[in-house]
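The structure appears below as structure tokens.
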Amino acid sequence: MPIPRLFPLPRSRGGGSRWGFTPWATLWLLLLGAVPLLRLIAEALSGTALAAALTDPAVWRAAGRSLTISLAAAALATAIGAALTAALLLREAPARRTLIFLAVLPALVPAQIMALGWIQAGGPASPLLLALDLAPPIGTPNPVYGPAGMIALLGVQGAPLVMLALAAVLRRVPGETVLAARGLGATPGMALRRAVWPLLVPGLLAGAGLAYVAALGNFGVGALLGIPARYTVLPVLLWQRLSSGGAASLAQAAALAVILAAMAAPALALQAVAARRVPSAGRSAFAPLPLGPARWPVAALILLYLLVALGIPMAALTVAALVPATGVEISLATATMRHFAAALAPGAHAIAAFANSLLLSLGAAAILAAASLPVALAMRARAVRAASAGTDLPYALPGACTGVAAILVVLSLPGGGALYGTLGLILFAYLTRFQALALRPVAAAAARLDPTLDDAARGMGAGAWRRLTRVHLPPLAPALAAGAILVALTAVNEVTVSSLLYGPGTQTLGVLVFGLQESGQNPLAAAVSLLALGVMAALMGAATLAARRLPAGTLPWRP
Amino acid sequence: MRRRSFGVGMAGLTAATLARPALGQADVSGPLVVYTSQLEPDAAGTVEAFRRRHPGVTVEWIRGGTGQIMTRLRAEIAAGAPRPDVLLLADSLTFEALKGEGRLRASPEVVTTGIPAEHLDAGRAYFGTKLITTGIMHHQRAPFAPRRWEDLLGPRARNQVAMPSPAVSGAAAIHLLTIAQNPALGWSYIERLVGNGVQARGGNGPVMQAVAGAERAFGIAIDYLPIREAARGAPVRFVFPEDGVSAITEPAAILSTVRNVPAAVAFVNFLLSREGQELASRQGFLPADPEVASPPGFPEPRSIRVMPFDAARAAREQEETLRRFAALVGG
């Protein structure tokens, strides 16, 4: 799940090459950005794969379904995100900080886990519906399966992206705007409607674009809710084609990835346009306005939404993990920890999957943070800025594009076939996909560094390495940590990329949960999901502690 | 299972790692790659029991429906790099095809003491490890309890029957071929079943979930899943139809491209050994070795009627039958 950031691009200040890292930074960024993308495009354009895909009715059907789902989900996400912003960011709702934290959570809970929760909550065997005597009769399909369920889930998951994009713009809205409007006699509501919301439009557009691309590229929801309803979306079709094997499948997957990228392109353009229209910050920051007598009903409404969006699926997931077998009613007598024990039993895939996911996410976070330091310092050079645009794309585009591109790059290396199905391949794909995420906070912080500091150190005879570790690292460390945290959190439950790349012994958590659910092991899938959420919560807790001094908006749950 | 007392969890893991291999098995070591269609906990249990016996071997394994595993293997063979050493898949037809292509290693050194000859390939290329039958399962709240295959054709079973897709499940493929060969049922039965709204999707696990989750009242499924889950309280029952079940033997085989022969042989030996057969029984499977007791919940093995099955004919008709079925259900 991409997390929106609208950091301004660092401006050039002074000469470029004197930093000394320019060639390495350019090379690194090209390797992770432009090279995989160009390899993907070359594969799709060579041969007849793209032409064949464009005449394949199954591809058109899947693309049409993906478009429908993503547009509807983006619209829903925009509506919910705007409503949450109006109530929580523009106004002083009671328990505001807690509610903001809870409102951001749906984007942090991995989509496939949320989908599992909803599957358990709906249907004729739903423990919740059975307890309420509302369970549909036997033989009724689960209402969560199919397009409506997918749109609702992706919309709820996209809403925080919209809210965070709005929050990023709101930080730059001058507080004077409201003062001026109030001075002219506007009520608080009018001031927000007439003066603030027009300035927030770029955030709304960027958020809608983010939600659209996130929905478009989502594999977990498409697979778990779409496959049982025979409603195949494009990322699922790509996964099916790639796992159906054969020499031609890679070219086919590349063609589908390029189609997916083309479908995402308008939304990326929308985000770029929106980013240019962000207001320039005023002297004082915007302060939320009091809500008045409406504050309790508003808070209750938000709580109700959070209860439905988060509480119900999480409760259903917990129940599903505790019942001895699907279909058994939960009670103190029937509840069992058996599935947790099975998940953690020696030899089970879960332990290996936890180890793989932690290794991959923490490894990618460490490598990307380390690389971001010299790259961010070299951002003043035009070549580095251009190369960094190449790494923005693998992050913004649907994950399947990165996955296929990584396979192609590795297979075209001599002896690269040995990497196929290994953790090395997945790590390379993660580096490609998340470099932009790690770099942005560091680049923003580096742009604020005073260049005279470097000059002084240089004058005293300090070499490049010494300047890097002694002069630049200390002030940039919080930003490096922030980037690393975002990468680790995003990568630890990643499923779209790893579902295309895993092999024996290299299953990730996301792949394992999907595989368990697909093979009908719902209680075990629920248990592993809850354990995965525990790991995420621990990471988030550690990040919150480590990042207390970071500026607002660095951690997504503290906008 | 001598080291069972070490229990589960990290303590058991550490203890098993530190435990010294039993005498005479010290030579078995190194990596072993297994592709299996067993469900996740069963595969994990089997691998872990083997690893306790042979701590020097690191087993990497992957699970999927037989169809999915075969797709993966075919792709690897096409790329010139088949990864698995051992296959443990549902049905003998898959292995017959691989054997015909020279992909299986004849392994006369495998110890087959307690396993009846009818479960073994005469050329010792693959070895049946258990008996898995396909019958009818139903939800407790189902409108009636079926007793014969025809019961699934009635109006009360309309749109209420789930079955695994024969493209995914090897057991389902054998079941379909067995039904098609049965003169009393045949293609007309399959056509009427599809006409009555049977839903074919995924493997046996999803069918189990669909019936336990009351999305469907009846399921055509392998025996051990519903029997095992019913023992845990799931609201399902399994019926061995009066007119017979279809059966598979879940064979294991060593690929001709095997990289670790001693470990691969040891793995197959383990599956066929008394210990391996008792493990299968504890996991809820009918063991291939008749001397090993059936798991609780199963009827007396001799009372189960198995429909006749002509394997040679099935091998010839498999592709056409599966294609015809896919066209029938519109998949």
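So that the names make sense, note that chain A is the first sequence line, chain B the second, and so on, each numbered from 1.
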For [X], is it the side chain, the backbone, both or neither that has a heavy atom under 4.5 Å from a heavy atom of chain A?
X	answer
B:Arg216	backbone
B:Phe218	neither
B:Ala217	both
B:Glu76	neither

Please round to the nearest 0.5 Å and tell me the distance separating atom [atom1] of [X] and atom [atom2] of [Y].
X	Y	atom1	atom2	answer
A:Asn142	B:Gln209	CG	CD	11.5 Å
B:Arg63	A:Gln507	CZ	CD	9.5 Å
A:Gln521	B:Asp42	CD	CG	7.5 Å

Check your understanding: Should B:Glu40 and A:Leu512 be marked as a side-chain contact (heavy atoms from CB on, under 4.5 Å) after you check the CA-CA gap, both sets of side-chain angles, and the distance that decides it?
Key -> CA-CA 10 Å; B:Glu40 166 82 26; A:Leu512 177 69; 3.9 Å; yes
Practice item. Give me the contact list for residues 156-165 of chain B versus chain A, heavy atoms only, anything under 4.5 Å, ordered by residue number. Key: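 B:Gln160 fall under the 4.5 Å cut-off.
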So which atom in [X] and which in [Y] form the shortest heavy-atom distance, rounded to 0.1 Å?
X	Y	result
A:Pro124	B:Arg141	O-NH2, 3.8 Å
B:Glu60	A:Pro504	OE1-O, 3.6 Å
A:Tyr502	B:Arg72	O-NH2, 2.9 Å
A:Ala348	B:Ala44	CA-CB, 3.5 Å

Residue selection (most heavy-atom pairs with chain B, distance under 4.5 Å) from [options]:
options	answer
A:Pro324, A:Pro137, A:Ala350, A:Gly515	A:Pro324
A:Ser519, A:Pro141, A:Gly505	A:Ser519
A:Gly123, A:Pro136, A:Pro228, A:Gly421	A:Pro228
A:Ile138, A:Thr140, A:Ile227	A:Ile138

Check your understanding: Counting only heavy atoms not in B:Glu319, do more than 12 sit closer than 6.0 Å to its CD atom?
Key ->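 It does not: B:Glu319 CD has 12 such atoms or fewer within range.
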Point to revise | Any donor-acceptor pair under 3.5 Å from A:His349 side chain to B:Ile62 backbone | key: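 It does not hold such a pair.
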Review point. Quick one: does B:Glu229's side chain have a donor or acceptor within less than 3.5 Å of a partner on A:Ala325's backbone?
Key: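 No, the answer is negative, given that no donor and acceptor are paired below the 3.5 Å cut-off.
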Review point. Highest number of heavy-atom pairs under 4.5 Å with chain A: which of B:Val47, B:Leu39, B:Val33?
Key: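 Option with the greatest count: B:Leu39.
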Side-chain contact test, heavy atoms from C-beta onward, threshold under 4.5 Å: evaluate it for [X] versus [Y] and give yes or no.
X	Y	result
A:Val328	B:Arg232	no
B:Pro41	A:His339	no
A:Glu518	B:Pro206	no

